[in-house]
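Working notes for the structure below.
Residue numbering restarts at 1 for every chain, and letters A, B, ... go by the order of the sequence lines.
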Amino acid sequence: MTASLPPLDDLIACPQCDTLHQAQDLPPGSKAHCSRCGVLLMTSKPEAVARILALAITAFILMIAAVSFPFLSLDAGGLTNATSVIDAVLAFRDGLAFPLAVAVAFFIIVIPLMRLSALIYALGPLVRNAAPRSYARAAFTLAERLRPWSMAEIFIVGVTVALIKVAGLAAVTIGPAFWAFAGVVVITVLKDQMICRYSIWEMLDKAEA
Amino acid sequence: MSARKAGLVACRSCGQVHQLGSTVCKRCGGPLQSRDEQSLQKVWAWLIAGIIAYIPANVYPMLLTSTLIERSESTIIGGVVELVDYGSYGVAAIVFIASVMIPIGKFVAVGYLALSIQYGWNDRQHQRHRAYEVVEFIGRWSMIDVFVVAILSALVQLETIATINPGIAAVSFALSVIFTMLAAQAFDSRLIWDADRTTT
């Protein structure tokens with residue numbers, strides 16, 4: 001049976017159900033799904049890498065703005081309280097909840113920034129047609145592995161729920177960081193939809209050869 | 001035909017196919033395993049930890065609110081009831097779905113998937129695979145309530161007028177979400193299809 005198989009590099013196995021497929025050059029703009037379980041195997045989007053890189057750099061800059069500027073402020077009875085994203089993390093700093101402050105910091109700031117820097121590091125040279133940096137492979141693996149733990153988009157939905165909860169109680173002013181953070185979320189979603197792991201691994205292979 | 005039947009093993013992070021018996025991926029350097037033999041053990045361990053952590057999350061308060069006139073504590077369900085009282089049905093639904101329905105639905109779905117592998121059920125692969133994909137995708141969204149607590153406690157700090165502080169339930173709830181995410185990640189979805197003979 002093994003004798004009739006095409007060369008191993010031309011095969012692609014579905015990561016979710018292990019079905020073997022023969023990899024093909026897809027026409028631009030098309031997608032290939034697993035024939036058994038239907039998972040998306042690869043997409044063909046020329047120029048995707050340049051766009052992913054541009055979006056990652058934009059998101060990185062916006063993220064820094066989102067962390068530094070005022071996020072929300074609350075007015076009631078003559079008292080004002082302004083909050084930054086960091087303050088939201090520090091809400092859990094007291095007592096037993098302290099590990100949660102660390103976890104929240106990772107979920108909404110550190111991990112999103114790590115993913116963006118890893119992508120910029122791994123894909124940067126590919127766009128200039130240069131040889132990949134050392135550890136580019138490890139960086140790309142890391143960016144993909146951290147994907148489920150990057151929770152910026154969930155945070156922004158949480159913020160919206162919280163805003164509705166306090167809206168009846170006091171006046172809330174939305175600061176520039178809120179919009180910067182919302183921008184990070186939209187751009188990250190767009191960027192992640194463009195990533196086709198298989199094509200990026202192929203590009204890393206070709207760039208090294 | 002599956003890679004395993006063809007005497008091959010595939011890397012799950014980059015898709016590269018190797019001869020069965022290889023242990024390290026030549027392309028991305030990740031570990032290779034035809035099937036994760038300890039998958040079920042890990043799934044059960046994380047799932048049970050997740051269920052245990054979910055109990056105090058519902059018993060203890062999520063939020064401690066104090067205003068000029070009163071001090072109150074609200075649990076997850078208490079928070080939902082409060083939102084319904086204000087008339088914010090949409091938000092109440094979001095919080096209820098994220099904090100109650102998704103976690104419980106996940107416990108049931110992951111438990112069902114693990115049992116189906118353990119007893120080698122050979123039907124409804126497509127539905128089971130769908131269930132796995134939904135669990136993987138939706139599980140993280142339970143974190144909403146933790147972030148709501150974080151923002152409320154940071155924002156509502158108006159000295160004597162009103163202050164909100166996080167309750168200990170936020171910690172156990174976050175742990176429960178993290179444990180069930182790890183349970184879903186430990187599940188090797190390829191096992192669902194191993195009993196399937198239709199496509200060989």
Side-chain angles (χ1 to χ4, degrees), chain A residues 1-2 5 8-9 11-20 35-39 41 72 74 76-77 79 81 83 87-92 94 96-97 99-100 103-104 107-108 137-138 140-141 144-145 148-149 151 154-155 157-159 161-162 164-166 168-170 172 197-198 201 205, chain B residues 1-4 6-8 10 12-19 27-30 34 83 86 88 91 94-95 125-126 129 132-133 136 139-141 143-159 161-162 165-166 168 170-171 174 178 181 185 189-190 192-193 196 199:
Chain A
M1 188 152 67
T2 322
L5 285 172
L8 292 189
D9 286 350
L11 290 171
I12 171 170
C14 173
Q16 306 248 302
C17 78
D18 212 29
T19 301
L20 274 180
S35 61
R36 182 157 68 170
C37 72
V39 156
L41 289 178
L72 295 169
L74 185 70
L79 289 169
N81 179 45
T83 307
D87 292 326
V89 169
L90 292 177
F92 295 117
D94 294 325
L96 277 176
L100 187 54
V104 171
F107 291 152
I108 64 178
R137 284 153 190 268
F140 183 63
T141 308
E144 285 296 280
R145 198 151 294 170
W149 301 102
M151 302 191 179
I154 302 171
F155 177 68
V157 175
V159 171
V161 172
I164 294 168
K165 275 192 163 187
V166 266
L169 204 106
V172 182
R197 285 188 200 187
Y198 188 80
W201 282 112
D205 278 351
Chain B
M1 182 164 64
S2 74
R4 185 189 180 86
L8 302 171
R12 298 192 82 188
S13 62
C14 74
Q16 177 70 42
V17 180
H18 306 73
Q19 292 293 346
R27 177 143 75 175
C28 69
S34 178
L83 281 167
Y86 287 153
S88 328
V91 188
I94 292 179
V95 176
Q125 277 86 358
H126 285 280
H129 194 97
Y132 164 75
E133 284 183 319
E136 271 262 84
R140 325 153 51 233
W141 285 91
M143 274 294 183
I144 286 181
D145 222 18
V146 174
F147 295 142
V148 171
V149 172
I151 276 288
L152 284 179
S153 325
L155 194 59
V156 186
Q157 292 294 341
L158 298 171
E159 292 161 42
I161 302 178
N165 286 303
I168 199 67
V171 180
I178 292 171
M181 279 176 72
Q185 285 179 12
S189 58
R190 295 172 297 189
I192 295 175
W193 300 92
D196 178 17
T199 51

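- Counting only heavy atoms from C-beta outward, the side chains of A/Val159 and B/Phe147 never approach each other to under 4.5 Å.
- Interface residue B/Val91: only side-chain heavy atoms are found under 4.5 Å from chain A.
- Remark: A/Trp201 CH2 to B/Gln16 CD distance equals 10.5 Å, nearest 0.5 Å.
- Each of A/Arg197, A/Met151, A/Glu144 has some count of heavy-atom pairs under 4.5 Å with chain B, and the biggest count is that of A/Met151.
- Note on B/Gln185, B/Met143, B/Arg140, B/Arg12: by heavy-atom pairs under 4.5 Å with chain A, the leading option is B/Arg140.
- Residues A/Leu100 and B/Ala174 approach most closely at CD1-CB, 3.4 Å, considering heavy atoms.
- Across all non-hydrogen atoms, the minimal contact from A/Val157 to B/Trp141 is CG2-CZ3, 3.7 Å.
- Neither the backbone nor the side chain of A/Leu41 comes within less than 4.5 Å of any heavy atom of chain B.
- Across A/Ala97, A/Gly158, A/Pro148, the residue that shares the most heavy-atom pairs under 4.5 angstrom with chain B is A/Pro148.
- Annotation: maximal heavy-atom pairing with chain A below 4.5 Å, among B/Val171, B/Val148, B/Ile161, B/Leu155, occurs at B/Leu155.
- If you tally non-hydrogen atom pairs under 4.5 Å between each of B/Asn165, B/Val156, B/Ile94, B/Val95 and chain A, the highest count goes to B/Val156.
- Distance check: A/Arg36 CZ to B/Ile192 CD1 gives 10.0 Å after rounding to the nearest 0.5 Å.
- Listed by chain and residue number, nothing satisfies the side-chain hydrogen bond (donor to acceptor under 3.5 Å, both in side chains) test with B/His18 (two or more places apart in sequence, or in another chain).
- Counting heavy-atom pairs under 4.5 Å between each of A/Pro99, A/Ala88, A/Ala138 and chain B puts A/Ala88 at the top.
- For a residue to count as touching a neighbouring chain, one of its non-hydrogen atoms must lie under 4.5 Å from one of that chain's; by this rule A/Ile164 touches chain B with the side chain only.
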- [ ] List the steps and the verdict of side chain to side chain contact (heavy atoms under 4.5 Å, CB included) for A/Thr19 and B/Trp193.
- [x] CA-CA 9 Å; A/Thr19 301; B/Trp193 300 92; over 6 Å; no
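- Both the backbone and the side chain of A/Gln16 come within contact range of chain B, judged by heavy atoms closer than 4.5 Å.
- The residue among A/Val39, A/Asn81, A/Leu72 with the most heavy atom pairs within less than 4.5 Å of chain B is A/Asn81.
- The backbone N or O of B/Pro166 sits nowhere less than 3.5 Å from a side-chain atom of A/Asp94 that would complete a donor-acceptor pair.
- For the atom pair B/Cys14 SG and A/Asp205 CG, the distance stands at 8.0 Å (nearest 0.5 Å).
- When heavy atoms are compared at a cutoff of 4.5 Å, A/Leu79 approaches chain B by way of both its backbone and its side chain.
- Listed by chain and residue number, nothing satisfies the ring-ring contact (aromatic ring centres under 6.0 Å, His included) test with A/Phe92 (two or more places apart in sequence, or in another chain).
- Chain A forms more heavy-atom pairs under 4.5 Å with one residue of B/Gln157, B/Met181, B/His126 than with any other, namely B/Met181.
- With a 4.5 Å cut-off on non-hydrogen atoms, A/Phe107 touches chain B through its side chain but not through its backbone.
- Summarising the geometry of A/Ala13 relative to B/Val17, their closest heavy-atom pair is N-CG2, 3.9 Å, with the distance given to 0.1 Å.
- Distance check: A/Leu74 CG to B/Leu158 CG gives 5.0 Å after rounding to the nearest 0.5 Å.
- Of the listed residues (B/Ala10, B/Ser13, B/Gly30, B/Ala170), the greatest number of heavy-atom pairs within a distance under 4.5 Å of chain A belongs to B/Ser13.
- Atom CD of B/Gln125 and atom SG of A/Cys37 lie 11.5 Å apart (nearest 0.5 Å).
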